[in-house]
Each structure stands twice: as structure tokens, then as C-alpha cells.
Amino acid sequence: MFDFEKISASKFYVAPTSERVVEFSPTDVDMSNIAKVLSLAVDARATSVDAQDEYAQVGGRVNFRLAYLDKDGTPKGVDYNADFTARVDGEFVEGDSAWCDIVISESDVEAGDTLTLTAVLEVNVSAIKRDEIEVLVNADDCYVQKQEIYVPSFIAQKSVVVPFDDEKNVGGEIESVLGLSSTVVTRQSIATEGGATAKLAVYSVVTYVEGGEIKQHTFEIPLEEDFNLDGVKEGDAIKLYTALKSSKIVLQGVTDDNTIRVEGEIQIKVQAYRCSKTEIVSDLFMLSNQTEIERKTAKYTCFDGCGYFVKGVGGSATLSDNKPAAIEVCALPYARCYTTRAYVNDENSLIVEGVANTDIIYRDENGFNSVRAELPFAISAASEIPFSKEVRVDCKIQRIDAVVRREREFDITFDVAIAVCGFSPLEASYISAVEVGAERAQNTSALSVYVASPSDTMLDVCSALSAMPEDILAQNPDLAEPFAEDTKIVYFRALK
């Protein structure tokens with residue numbers, strides 16, 4: 001008599017951010033040979049995410065790249081990896097499909113009797129949680145009112161490892177490599193019939209020493225990857241996750257004519273989502289019996305899609321008075337940024353606020369020196385992409401440059417690549433159970449008049465007149481909800 005169906009939905013869950021401090025003290029460093037630290041670049045990635053009941057266990061790796069001057073004033077570079085684990089408490093259940101994004105919020109180096117490298121990580125774990133509800137979709141021998149609800153669903157996902165490489169002839173003799181900094185920037189992620197297409201770019205900055213001078217070269221490596229995903233249709237929302245799995249430098253060529261080759265691998269995970277309409281029974285009326293209805297409310301978050309854009313930003317950094325004036329900028333061995341706030345304003349523009357930082361290696365009257373620059377920024381973008389009132393933003397520095405201005409001040413310009421994902425809250429009220437009660441008292445009058453108020457519904461009228469809605473509407477064709485105050489509804493009944 002009552003037809004119930006089970007509907008599966010996918011819930012997005014983001015656990016509260018967990019902070020993790022990673023310290024690493026290498027034992028193979030001759031501290032007597034480190035005269036000055038020029039830069040510490042730090043990257044981190046998750047290598048494993050395991051969802052358990054009420055927590056997620058994260059394994060990861062931090063990469064420290066240190067540039068320094070030795071006691072002879074020669075620039076040198078070293079590279080260290082430190083593995084870590086982190087427990088993130090949250091509403092997880094064993095078997096949830098979970099993933100992790102890691103942001104470097106701070107880094108520091110202490111060079112005393114020993115070398116201590118420190119990174120402060122913000123560990124953000126998300127998960128797809130499946131939910132199943134049983135809803136009423138039809139009822140025999142009843143008048144039913146129906147409505148459409150939106151149900152978000154996870155369609156498919158795939159993870160691949162993609163290689164990248166590029167090379168550049170620098171036309172000189174490279175004495176040493178100080179560091180390699182690589183960033184993956186997403187440019188597009190779209191659903192196709194039966195799959196998805198992702199367009200990305202890897203930006204790699206190599207800092208090296210040639211002829212006693214610190215130099216840099218930037219590689220821009222575009223990538224495009226197609227995915228086969230069963231069940232995906234055009235118009236589905238595609239979410240993309242990228243992580244740098246590995247990157248390295250290979251020096252090639254002959255003496256005095258070196259070639260820098262950059263190569264590595266990117267881990268790409270693509271997920272497809274859809275928000276579908278489903279028709280359910282919102283209310284019902286049984287003429288013969290009273291009915292008791294149990295209602296429940298399901299709350300979800302619908303993933304609307306992602307958009308990508310790049311914005312140019314400027315800032316400045318100033319040397320303290322006790323430092324000699326800068327002559328020229330030699331290198332910016334890394335650049336990173338993180339979002340402090342992101343929202344959509346009343347004009348439907350996306351506002352992203354964040355902080356970018358980098359180390360500037362420059363030359364003064366005494367040789368090489370460095371200063372750390374921390375630059376707050378705010379970016380506004382028109383809403384031409386499908387983000388909603390709830391947004392989550394990932395920002396990366398795509399390009400950064402600096403020049404000396406007035407000897408003690410640096411003008412810094414950088415491009416911020418923004419990936420913004422939009423989400424919409426959904427709330428669906430549904431009938432979860434129906435119980436048939438006592439027989440309904442019948443109105444047997446040949447002529448009945450019911451005076452309706454604006455708070456009444458058609459089912460209230462049906463109950464009072466003991467008639468089905470189609471019969472009442474046949475005799476009152478102009479009747480429509482909501483009713484006006486003191487609406488008179490007349491019903492004639494043919495008596496046997």
C-alpha cells in the first residue's frame with residue numbers, strides 16, 4: 001500500500017584543522033662550515049590517509065631545502081626529507097574515502113651547535129560519507145502530494161600518477177644546485193561523456209650557482225590528462241586533487257655548456273559528483289482512515305563545481321637599518337601562500353584573503369645576504385564560475401619576482417593561482433513511516449460549507465468534507481492554495 005524506496009546520498013565532511021609541528025635535525029652537517037643561512041624552503045604532502053572510527057591517521061613527508069654560505073662564502077644547498085604521522089580527530093567511520101591537504105603555515109631554521117629545521121603544518125582531512133534514507137515515493141488508495149528534492153551523489157573517482165619533464169640549456173658551467181621548488185597549478189577540470197579532462201601546469205624554479213653568481217631558471221610545463229569514469233555525464237561537477245609525488249634535477253651537457261633537466265611525477269585524483277532531482281511524497285490523505293505520518297529531515301552539502309583563475313598581486317619588503325643596502329636581487333628560491341579567509345560578498349564576488357611568503361637572496365657590499373618577506377594580499381574576482389555562498393579555496397604562487405628599490409626596499413610582484421570550489425547546503429524533508437489508524441468519521445451531509453483560513457491546506461478541507469481533492473476541485477474550480485481569509489468552499493454530495 002505504501003511504497004518506500006531507499007535513496008543513497010553522499011555527504012561531504014571536513015574535519016577541524018589539526019596542527020602538527022615537524023622538527024628535523026640532520027646528523028651529517030658540519031656546523032663549522034655553515035657561515036650564514038640564506039633560505040629554507042619547505043614542502044609537505046600526505047603519503048597515506050586511513051579513516052578509522054572517530055579519527056583519521058595521516059602519514060606524510062616534509063621536504064626541507066636549505067641554502068647557505070659556507071665559511072669561504074660559497075653558496076651551497078642541501079636537501080632533507082622527514083617523515084611524520086598525525087592523528088586527526090573527527091566524525092570518521094572506518095572505510096570512509098578520505099584524503100588530506102597539507103598547508104605550511106610557518107618554517108624556521110636554527111643553526112647553532114646543531115642544525116634544527118622546523119615546519120608547522122596545517123593538516124586538513126576530508127571524506128566522502130555515504131548516507132542512505134528510506135523515503136515514501138507512492139501510496140495506493142490515497143491522495144498524495146509530491147515534491148522534488150535534490151540528492152547529491154558521488155559518481156566515480158580515479159587516481160593516476162603522471163610524469164613531467166623539461167630541460168633548458170643554460171650555456172655555462174653550473175657549480176652547484178641550491179634548490180628546486182615545484183608547484184602544481186590546476187587550470188581546468190571538466191566532465192565529459194564517460195570521463196573527465198584535467199588541465200594543469202607544473203612550475204619549477206631551479207636555483208643554482210654559475211661563475212660564483214646565484215641564478216635562477218623557471219620551467220613551465222603544461223599537462224593535460226583524460227580520465228575514463230563510468231557513469232559520468234557532461235555537466236557533472238569534477239573535483240581535482242593534485243600532489244607533487246617527486247621532482248628532481250639532472251645536470252647534463254658538456255663542460256661550460258650545461259643543461260638543466262627537471263623531471264618528476266604528480267599524483268592526480270579526480271572525483272565526479274552529481275546533484276539529482278528525486279520525486280517523493282510530501283503529504284497524503286486517506287479518506288477511509290486516519291493516518292499518522294513520521295517525518296525526518298536529511299541535510300547534505302551539494303558540490304557545485306570548481307573554477308580556476310590567476311591574479312597578479314604586489315607588495316614590498318624592507319631591510320632593517322643594521323643591514324647594508326641591497327645592490328641587486330639574485331634569487332627567490334621558493335614562494336608559498338595560504339588562505340586566511342574566503343567568502344562571497346553581497347555583490348556575488350569572490351573575496352580571497354591570504355598571506356604569501358618567500359626568501360629573497362640578494363647581494364650587498366659584503367656579498368650574498370637574504371631576507372624573509374611575508375606579504376598579506378586580498379583578491380576579488382567576479383562570479384563567472386560555479387561557486388556558491390559556501391566556498392573553499394586553495395591558493396598557490398605561480399610566479400614571483402623582486403627588484404631593489406631605494407637600496408633598502410624590495411618591490412615584489414607575484415601571480416596567485418586560485419582554485420575555488422563552491423558548495424550549496426541542501427535540506428530535504430521526507431516521510432519515513434506511515435501508520436494507518438482508526439476509521440475516519442465521515443461527513444454525510446448532502447450540502448457542506450467549509451470556511452477556510454490561510455493556514456489551512458487542501459488536506460484539511462478534505463478531512464472536514466470527507467471528500468477527495470479532485471471531487472472538491474471539480475465543484476470549486478477557482479479554489480487554490482493558499483486560501484484567502486474566510487474562503488467558503490461548498491460541496492454537494494449525492495445521497496443514495
Engineer: Which pairs, with at least one residue in residues 414-434 and sequence neighbours excluded, count as a salt bridge (Lys or Arg N to Asp or Glu O under 4.0 Å)?
Structural biologist: K299-E427, R399-D415
Engineer: Can you list everything that forms a side chain to side chain donor-acceptor pair (under 3.5 Å) with S432? Sequence neighbours excluded, please.
Structural biologist: E294
Engineer: Parallel under 30°, tilted from 30 to 60°, perpendicular over 60°: which one fits the rings of F303 and F423?
Structural biologist: tilted
Engineer: Show me the donor-acceptor pairs, under 3.5 Å and distance only, between side chains in residues 88-105 and residues at least two apart or in other chains.
Structural biologist:
from: D89; atom 1: OD1; to: R87; atom 2: NE; distance (Å): 2.8
from: D89; atom 1: OD1; to: R87; atom 2: NH2; distance (Å): 3.4
from: D96; atom 1: OD2; to: V93; atom 2: N; distance (Å): 2.9
from: D96; atom 1: OD2; to: K129; atom 2: NZ; distance (Å): 2.9
from: W99; atom 1: NE1; to: Y241; atom 2: OH; distance (Å): 3.2
from: S105; atom 1: OG; to: V120; atom 2: O; distance (Å): 3.3

Engineer: Return the CG to OG1 distance between D401 and T413, rounded to the nearest 0.5 Å.
Structural biologist: 5.0 Å
Engineer: Should V355 and T340 count as side-chain neighbours, where that means a heavy-atom distance under 4.5 Å?
Structural biologist: yes
Engineer: List the residues meeting salt bridge (charged side-chain N to carboxylate O under 4.0 Å, His left out) with E435, not counting sequence neighbours, and say none if there are none.
Structural biologist: none
Engineer: Does some side-chain heavy atom of V434 sit less than 4.5 Å from a side-chain heavy atom of F4?
Structural biologist: yes
Engineer: Tell me, do F309 and L350 make a side-chain contact under 4.5 Å, heavy atoms counted?
Structural biologist: yes
Engineer: Do S159 and Q267 have a side chain donor and acceptor closer than 3.5 Å?
Structural biologist: yes
Engineer: Which residues pass the side chain to side chain donor-acceptor pair (under 3.5 Å) test with S39, not counting sequence neighbours?
Structural biologist: D359
Engineer: Taking side chain as C-beta onward, heavy atoms only, is F2 less than 4.5 Å from I431?
Structural biologist: no
Engineer: Go through V14 and R392 one step at a time and tell me if the side-chain contact (heavy atoms from CB on, under 4.5 Å) criterion holds.
Structural biologist: CA-CA 11 Å; V14 180; R392 299 170 196 166; 3.4 Å; yes
Engineer: State which residues pass salt bridge (charged side-chain N to carboxylate O under 4.0 Å, His left out) with K248; sequence neighbours excluded, sorted by chain then number.
Structural biologist: E263
Engineer: Can you tell me which residue pairs pass the salt bridge (Lys or Arg N to Asp or Glu O under 4.0 Å) test with a partner in residues 41-53, sequence neighbours excluded?
Structural biologist: D43-R65
Engineer: With a 4.5 Å limit on heavy-atom distance, are the side chains of F377 and I379 in contact?
Structural biologist: yes
Engineer: Quick one: do K146 and E148 make a salt bridge, cutoff under 4.0 Å?
Structural biologist: no
Engineer: Hey, does the side chain of S189 reach the backbone of K239 with a donor-acceptor pair shorter than 3.5 angstrom?
Structural biologist: no
Engineer: Checking side chain to side chain donor-acceptor pair (under 3.5 Å) for the pair S466/Y491: CA distance, chi angles, key distance, verdict?
Structural biologist: CA-CA 10 Å; S466 297; Y491 183 66; over 6 Å; no
Engineer: A side-chain contact here means heavy atoms from C-beta on lying under 4.5 Å apart; do D456 and T487 qualify?
Structural biologist: no
Engineer: Just how far is it from atom NZ of K396 to atom CD1 of I418, taken to the nearest 0.5 Å?
Structural biologist: 11.5 Å
Engineer: Set out, in order, the CA-CA distance, both residues' side-chain angles and the distance that settles side-chain contact (heavy atoms from CB on, under 4.5 Å) for L136 and Y430, then state yes or no.
Structural biologist: CA-CA 7 Å; L136 182 66; Y430 62 95; over 6 Å; no
Engineer: Applying ring pair (Phe, Tyr, Trp, His ring centres under 6.0 Å) as the test, list every pair that has at least one member in residues 448-472; sequence neighbours left out.
Structural biologist: none
Engineer: Are the side chain of K158 and the backbone N or O of N228 linked by a donor-acceptor pair below 3.5 Å?
Structural biologist: yes
Engineer: How far does OG1 of T197 sit from CZ of F227, to the nearest 0.5 angstrom?
Structural biologist: 9.0 Å
Engineer: So for atom CD, which belongs to E110, do other residues, nucleotides or ligands contribute more than 12 heavy atoms lying within a distance under 6.0 Å?
Structural biologist: no
Engineer: Which residues pass the side chain to side chain donor-acceptor pair (under 3.5 Å) test with E134, sequence neighbours left out?
Structural biologist: none
Engineer: Please assess L180 against S204 for the test side-chain contact (heavy atoms from CB on, under 4.5 Å), listing each intermediate value before the final yes or no.
Structural biologist: CA-CA 7 Å; L180 167 64; S204 292; 4.0 Å; yes
Engineer: Does either side chain, that of S463 or that of D460, offer a donor lying less than 3.5 Å from an acceptor on the other one?
Structural biologist: no
Engineer: Report the C-alpha separation of Q398 and V310 in whole Å, then their side-chain angles, then the decisive distance to 0.1 Å, and conclude whether the side-chain contact (heavy atoms from CB on, under 4.5 Å) test is met.
Structural biologist: CA-CA 8 Å; Q398 180 173 295; V310 178; 3.6 Å; yes
Engineer: Take R187 and E220, measure what salt bridge (charged side-chain N to carboxylate O under 4.0 Å, His left out) needs, and give me the verdict at the end.
Structural biologist: CA-CA 13 Å; R187 291 176 171 170; E220 180 182 351; 2.5 Å; yes
Engineer: R405 vs S316, test: side chain to side chain donor-acceptor pair (under 3.5 Å). Steps then yes/no.
Structural biologist: CA-CA 9 Å; R405 185 181 70 172; S316 63; 5.3 Å; no
Engineer: Tell me every residue that passes salt bridge (charged side-chain N to carboxylate O under 4.0 Å, His left out) with D471, counting only those two or more places apart in sequence or in another chain.
Structural biologist: none
Engineer: Within a reach of under 6.0 Å around NZ of K269, are more than 12 heavy atoms found that belong to other residues, nucleotides or ligands?
Structural biologist: yes
Engineer: List for me each residue that meets side chain to side chain donor-acceptor pair (under 3.5 Å) alongside D131, sequence neighbours excluded, and say none if there are none.
Structural biologist: Y300
Engineer: Output a table of donor-acceptor pairs, distance under 3.5 Å, between side-chain atoms of residues 276-288 and any protein atom two or more places apart or on a different chain; print 'none' if there are none.
Structural biologist:
from: S282; atom 1: OG; to: Q145; atom 2: O; distance (Å): 3.0
from: D283; atom 1: OD1; to: R295; atom 2: NH2; distance (Å): 3.3

Engineer: Keeping the roles fixed (side chain from R493, backbone from S448), state whether a donor-acceptor pair exists under 3.5 Å.
Structural biologist: no
